[in-house]
Each structure stands twice: as structure tokens, then as C-alpha cells.
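Everything on this sheet refers to the single structure shown next.
Residue numbering restarts at 1 for every chain, and letters A, B, ... go by the order of the sequence lines. Values below: all heavy atoms of this structure, side chains included; hydrogens, waters and symmetry mates excluded.
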Protein chains: 2
Amino acid sequence: MAKIDDVARLAKVSKGTVSNVFSQKRPTSNEVRERVMSVSRQLNYVPNHTARSLVTKKTMAIGLTIPHGSFFFSAFHTQFINGVILEAAYYGYRVLLDIIPVHEVKTPFLTSYPIDGAVVMRPTANDERINLMHMGQIPFVTVGHVMNENIEHSTSVDNDNVQMMSNICEYLVGKGHKDIMFLNANEHMTVSIDRKASFIQAMKVRGLDVEEHMIHHKPPELNSSEYMDYGYEETVNIIGKMNKKVTAIIADDDRTAFSVLNAIKDLNLTVPGDVSLFVICGDNSMMVQSNPSLTSMDLQPSELGAQSVRLLMHQLGVLQGEYEENIIVEGKIIERNSVSTIDHEEDRK
Amino acid sequence: MAKIDDVARLAKVSKGTVSNVFSQKRPTSNEVRERVMSVSRQLNYVPNHTARSLVTKKTMAIGLTIPHGSFFFSAFHTQFINGVILEAAYYGYRVLLDIIPVHEVKTPFLTSYPIDGAVVMRPTANDERINLMHMGQIPFVTVGHVMNENIEHSTSVDNDNVQMMSNICEYLVGKGHKDIMFLNANEHMTVSIDRKASFIQAMKVRGLDVEEHMIHHKPPELNSSEYMDYGYEETVNIIGKMNKKVTAIIADDDRTAFSVLNAIKDLNLTVPGDVSLFVICGDNSMMVQSNPSLTSMDLQPSELGAQSVRLLMHQLGVLQGEYEENIIVEGKIIERNSVSTIDHEEDRK
DNA sequence: CTGAAAGCGCTTACAG
DNA sequence: CTGAAAGCGCTTACAG
């Protein structure tokens with residue numbers, strides 16, 4: 001590989017000038033620029049990224065932190081990541097995939113992280129990854145807010161979980177549902193903590209008590225097949241074995257929803273005839289393909305991804321000016337065919 | 001951030017010794033090592049990744065090249081990437097996500113790529129990304145074989161597309177199907193080219209001609225909703241409007257399969273009663289959740305991902321010894337409930 | 001086993 | 001607008 005000295009020599013200029021032509025940080029005359037570029041093409045020269053990084057102290061990469069185990073499962077992640085990559089590329093940044101579990105790793109990474117900042121997905125209460133970034137002084141933004149001691153200020157993107165649960169309850173209760181079961185995400189996730197509290201609150205406001213067996217959490221660290229079982233087991237248990245009255249189920253994500261759907265079929269019940277189903281975080285195209293199509297909340301994951309990068313760019317000084325530290329992206333209810341209206345008049349006859 | 005000089009000074013050793021303690025490339029005495037480590041902890045020191053990279057000429061990162069547009073859609077990609085990340089981490093490598101389209105990018109990357117090698121997904125005939133890597137002398141392995149002029153030798157992982165299509169045809173024809181429609185992937189992909197030829201060949205061997213309207217290609221660069229339409233449209237067209245006889249459909253991936261399923265329902269036909277459905281590249285857990293559950297080929301994407309990294313490690317000299325340049329991962333047919341047997345005796349009555 | 005010194009390939013004040 | 005020189009924070013022969 002040709003290096004800057006080779007180009008400088010052949011183009012009869014100094015290394016500094018070659019550097020300026022490529023970085024465009026200082027002006028160069030047309031004549032010189034063209035000579036340098038021509039020689040560079042001839043030599044197939046391109047500045048060495050690492051050498052530049054060493055002096056600029058920028059890697060031009062951001063880390064995307066995904067906890068291993070829950071890796072990549074739902075369409076939400078996929079689209080979120082899509083948003084991150086596109087937005088990062090727009091600002092000239094690359095994305096380094098970043099799983100944390102250091103055990104099982106033959107050669108541990110005992111160097112600094114070659115990233116300028118990070119987007120942290122699925123933060124948990126007192127998330128150690130976040131403590132690490134905080135200590136290492138590396139700028140980060142979380143998806144869902146931070147719940148770590150000693151960290152007061154941090155930037156995040158999120159949906160408004162409180163508002164969202166309130167809207168969902170309003171929607172379902174408005175259609176006559178009172179016995180609503182909530183299959184929530186992993187209990188350690190901050191969004192799950194928020195959603196649980198908001199759900200109970202939203203029901204209470206409407207004069208409804210939520211019994212304990214009506215809220216469940218996805219076990220942490222599931223593999224693919226266990227993942228599928230979660231919604232199934234809970235549904236069969238509560239409705240089948242325990243014979244509890246449930247007229248509507250709120251499922252955390254699309255996978256859970258599909259397994260609930262199967263459970264209901266196996267119980268010889270129908271959706272939405274016997275049980276209505278509402279999906280919080282479902283991929284739109286999958287929701288449409290399902291039979292019946294599933295009413296869901298569109299969390300706009302790719303917008304969340306893009307916003308998280310923009311927030312990071314602000315912290316890195318790439319983007320100038322004022323900015324919100326905690327960005328809320330709207331969740332929109334998209335009505336399809338999995339929620340029915342209960343006529344309580346009928347009950348009384 | 002503390003640097004190596006700070007540690008050296010405080011531990012009263014040379015920088016070289018500190019370096020050796022961390023890199024473990026040369027032995028150090030216990031006494032010295034402990035003193036260095038203790039000071040390092042105290043100073044919160046960790047070697048600077050970029051500085052090390054500059055002299056070792058290794059970035060300890062591999063690129064994962066995904067063409068934008070078709071980005072991340074199927075579960076195949078997701079699991080493949082999962083395999084790549086885990087295996088890379090095992091060898092101390094990180095994964096840099098790499099989308100190619102440079103248009104739409106505000107700040108173009110005009111430096112070298114900070115990667116030691118790359119895994120290239122979805123190679124197409126005369127793929128320009130591959131020409132780039134080839135010219136830049138950066139080691140790469142492709143998922144599916146290379147079809148570029150001037151590139152004779154290259155490493156790849158793949159399923160045996162010829163054998164696979166032959167197995168699928170044997171399976172379907174064995175169950176009495178003769179009128180099989182194949183909804184193939186994007187026609188530019190090398191795997192799609194292979195599969196098409198193999199399909200025609202496998203049918204021919206069994207005395208069956210494949211008419212032109214029985215093979216279709218997914219249009220390139222689909223967005224999510226168009227993606228869903230592809231299988232639907234073709235199915236409605238061929239079976240509905242053109243009224244062609246089709247007893248079985250082979251769908252390239254899970255998304256296509258779901259849309260085919262919907263099309264068949266809308267035509268007031270059933271799976272597998274009227275039309276059988278076979279999925280080439282379907283996520284197992286999704287196949288199970290579908291109704292009916294879908295018979296599919298398990299391509300073992302995560303194994304493909306892991307193998308591609310191992311191949312790269314061989315090229316990088318991390319892994320020693322002989323190795324196959326083109327690794328074949330077996331595709332296994334997993335029977336579920338979407339393929340029925342046709343009794344041709346019945347036809348004659 | 002340890003140290004002194006050169007060097008990896010760039011960028012960046014400083015001077016003109 | 002351009003050049004000469006120092007320096008980014010490490011690793012690596014070389015010498016002992």
C-alpha cells in the first residue's frame with residue numbers, strides 16, 4: 001500500500017499538503033490538488049485510517065451494544081439497527097457491533113474500545129455496560145432510559161411508555177375489555193419496568209384492578225425455541241389450566257404474539273372472537289401476514305435508531321446547537337383484526 | 001486517559017515492559033507483571049487500540065458486508081450474523097457493519113477500511129464490492145460463490161445449492177408433484193443463479209419440463225412492503241388470473257412464503273390441500289408458528305456464519321494448518337405440515 | 001527477563 | 001497557499 005510519503009515525493013509537495021488535499025481541512029490550490037489526486041490514483045493511495053485516528057483521536061465508528069442472548073430476535077431490533085446504520089453512514093460513521101459477554105472468548109479484548117460513542121440497546125436497571133461507558137467517559141445514548149445509581153444525566157431515545165400503555169388500555173377498555181393479561185418483556189429492562197407500572201396505573205385510573213396472575217415477564221436470556229414457548233405456556237396456564245377469565249392479551253412483541261395465537265388455537269378458542277390480542281412491538285409486515293392480522297403499536301424502531309445516532313452526533317460535536325437530551329418517538333396504534341368489542345349488555349341477558 | 005508512559009514511570013519499568021505485560025508476547029517476571037498491573041488498575045490504564053493497530057497493522061475487526069436495500073430482512077441474515085459475531089468474538093475480533101452505497105452519504109469515507117478482512121453476504125455476479133476487496137488485497141470470504149471475471153480463487157461458505165434443489169425436487173416429486181412453481185431470490189445473486197439451474201436440471205432428470213411461468217425472481221432492492229407483495233402477486237397471477245396448474249410452490253424465504261400463504265387463502269384454496277408449500281430458507285421458529293406449520297430446508301445460517309469467520313481466520317493466519325477453501329454446510333429438510341401427497345391413481349378415476 | 005530507541009503513517013501548530 | 005518538524009501511543013528488533 002502506498003503511503004503519504006510516496007505521494008508527496010512523486011507529486012513534489014510536502015506530506016502536509018497531501019494530507020490537506022484529502023482531509024480538506026485547509027485550502028489547497030487547484031493545481032496542487034489535481035497533481036496530488038492524480039498521483040494518488042496512480043499509486044492507488046488512500047489515507048490510512050488507523051494513522052489518522054491516532055492523531056485525530058477519532059475512530060469514526062460508533063458501537064452498537066446488544067446484549068448477547070436476546071440477540072437480534074425481534075423485528076424491532078432489525079429495524080432499529082437499520083436506522084442506526086443509515087444515519088451513522090450519513091455522518092461518515094461506521095457501526096461496530098458489540099456484544100458484551102467476555103466469557104467464552106478465547107482472546108479477551110484488553111485494549112480500549114475503538115469507538116467514539118455508543119448506542120446501548122435494552123438497558124437494564126444498574127446496567128454494568130452503562131457503568132463501563134460512564135467510567136470510560138465514552139459518550140453513549142440508550143434506548144429506554146437509564147436506571148443506574150450515580151448517573152443522573154444521560155441521553156436516550158424512547159417511546160413514551162406511560163402514554164403508550166395508557167393509550168392501549170384506553171383502546172382496550174374502550175372496547176369493553178376488563179380482563180386484560182399483559183405479557184411483558186424481561187423484567188430487568190427499564191422499558192419493561194416502566195410499562196408494568198404504567199399498565200397498572202392506566203387500569204387503576206379506569207377503575208380496574210390488575211391481579212397478579214395478569215402480568216408476566218419474559219424470562220431473561222432465552223434462546224429461540226424457549227422464546228417461542230413463553231407466550232404459549234402463560235396463555236395455556238392462565239386461560240386453560242387456571243381457567244381465569246381473560247378477554248384480551250397484550251403481548252410484548254411479535255414472537256410472543258404468534259405463540260399466544262397458537263396457544264389460543266390449541267385451547268379451541270379464537271382470536272378475536274374469544275380473546276383479543278394486542279401487540280406492543282410488532283413488525284408491521286408480519287402483523288399483516290398473520291391470520292387474523294394483528295392490531296399493534298408501531299414503535300417506529302428505525303426512527304428511534306436514527307434519532308439515537310443524531311443524539312450521539314450532538315454529543316460528539318458533529319452536530320451543533322441545542323438538542324433534547326431525551327427524545328420521545330411516538331407510538332401509533334395500528335388497528336387490524338385481532339381486537340373485538342365486548343358488548344356488556346349481552347352479558348346481562 | 002492514562003498512557004503507557006504514565007504506567008512505565010510509576011511502575012519504574014520501561015514502556016516496552018508495560019507493553020509486554022499487556023500483549024503477553026514476551027515473558028515478564030511475576031514481580032514486574034504485578035507491579036505493572038497494579039499501577040494500571042490504579043491509573044485505569046488500558047492500551048490504546050488505535051496506537052497498537054498502527055504498528056501491528058491489524059485492526060482486529062472484520063467487516064460484514066451487507067448490501068443496503070435488501071438489508072436484514074430475513075431470519076437467515078439475522079442468524080447468520082449471530083454466528084459471525086460469536087465466532088469472531090471467540091478469536092478476539094470485532095465486527096464492523098458495512099453497507100456499501102456511498103451516495104446519500106454526507107461525509108464520504110475517504111480512508112482505508114479499518115478491517116483485517118471481510119465476510120461478504122449476498123454476492124452477485126461481477127459484484128463490485130468483491131472487485132474492491134480483491135484490488136485492495138483485503139482477505140474476504142463470500143456467502144455463496146464468487147462469479148467475477150479475473151477472480152479464479154476465492155474462499156466461500158455455502159449450502160450445496162445443486163444438491164439442495166435436487167433433494168427438494170426429489171421430495172416433492174416423490175409425493176406426486178409435477179407442477180411446481182419456484183419463487184426464487186433476486187436473479188443477480190449467485191445462489192439464485194445456481195438454484196434456478198439446479199431446479200431445472202433436477203426436474204429434467206425426473207422427466208419433467210419446467211415452463212417459463214413456473215420460475216420467478218424476486219425483484220431487487222425491495223422495501224419491506226414490496227417484499228411482502230412479491231409472493232402474493234405471483235401466486236395470484238399464475239394460479240388465479242392465468243389459471244395455471246400448480247400443485248406445489250417452492251418459496252425462497254419465509255417472508256415470501258407467508259405472502260404466498262395469504263394469496264392461496266385469498267384464492268379460496270388451502271395449504272396443503274390444494275397447494276403444497278416448501279420454504280427454502282425459513283427461520284425454524286417462524287415455520288413452526290405458521291398455520292399450517294411450514295415444511296422447510298434448514299440452511300443452518302448460524303453455522304454458515306461461524307464457518308465464514310473460521311475461513312477468514314485461516315486467511316489471516318490466526319488459525320493454522322490446512323483448510324478447505326469452499327465450505328459446504330448441509331441443508332436439511334424439516335418436514336412439517338405444508339406438503340401433501342398427490343395420489344395420481346385418483347386422477348384417473 | 002528488561003531497556004533504549006526507532007518507527008508505524010498520519011495530522012497539526014508554527015512559520016513563512 | 002505550502003513546508004519542516006514534532007508528536008499521536010503504542011510495538012519491536014536490537015542489545016544486554
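- Comparing the same atom, P, in C:dC14 and in C:dC10 gives a spacing of 24 Å after rounding to whole Å.
- Distance, B:Q24 CD to C:dC1 C1': 15 Å, rounded to whole Å.
- Scored by the side chain to side chain donor-acceptor pair (under 3.5 Å) test, A:T155 finds A:Q315 as partners (sequence neighbours excluded).
- Not counting sequence neighbours, A:H188 has no partner by the ring pair (Phe, Tyr, Trp, His ring centres under 6.0 Å) test.
- Residue pairs meeting the side chain to side chain donor-acceptor pair (under 3.5 Å) criterion with at least one partner in residues 132-147 of chain A, sequence neighbours excluded, are A:H145-A:D194.
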**Study point:** Verdict with reasoning, A:T50 to A:S53, per side-chain hydrogen bond (donor to acceptor under 3.5 Å, both in side chains)
**Key:** CA-CA 5 Å; A:T50 305; A:S53 282; over 6 Å; no
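- The side chain to side chain donor-acceptor pair (under 3.5 Å) check on B:N150 picks up nothing, with sequence neighbours excluded.
- Scored by the side chain to side chain contact (heavy atoms under 4.5 Å, CB included) test, A:D6 finds A:A2, A:K3, A:R9, A:L43 as partners (sequence neighbours excluded).
- With pairs defined as Watson-Crick or G-U wobble and both atom distances under 3.5 Å, the stems of at least three pairs that touch DNA chain D come out as C:1-3 with D:14-16, C:5-12 with D:5-12, C:14-16 with D:1-3.
- With sequence neighbours excluded, the residues forming a side chain to side chain donor-acceptor pair (under 3.5 Å) with B:S156 are B:N326, listed by chain and number.
- Each salt bridge (Lys or Arg N to Asp or Glu O under 4.0 Å) pair with one or both residues in residues 307-328 of chain B, not counting sequence neighbours, appears once here: B:E87-B:R310.
- By the side chain to side chain donor-acceptor pair (under 3.5 Å) test, A:E303 pairs with A:Q307, sequence neighbours left out.
- Taking atom P in both D:dC1 and D:dA5, one finds a spacing of 24 Å when rounded to whole Å.
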Under a 4.0 Å heavy-atom criterion, the protein footprint on nucleotides 8-15 of chain D, written with B, S and -, is BBBBBBB-
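- Within residues 27-35 of chain B, the residues that place at least one heavy atom under 4.0 Å from DNA chain C are, in residue-number order, B:P27, B:T28, B:S29, B:V32.
- The side chain to side chain contact (heavy atoms under 4.5 Å, CB included) test applied to A:S29 returns A:E31, A:V32, not counting sequence neighbours.
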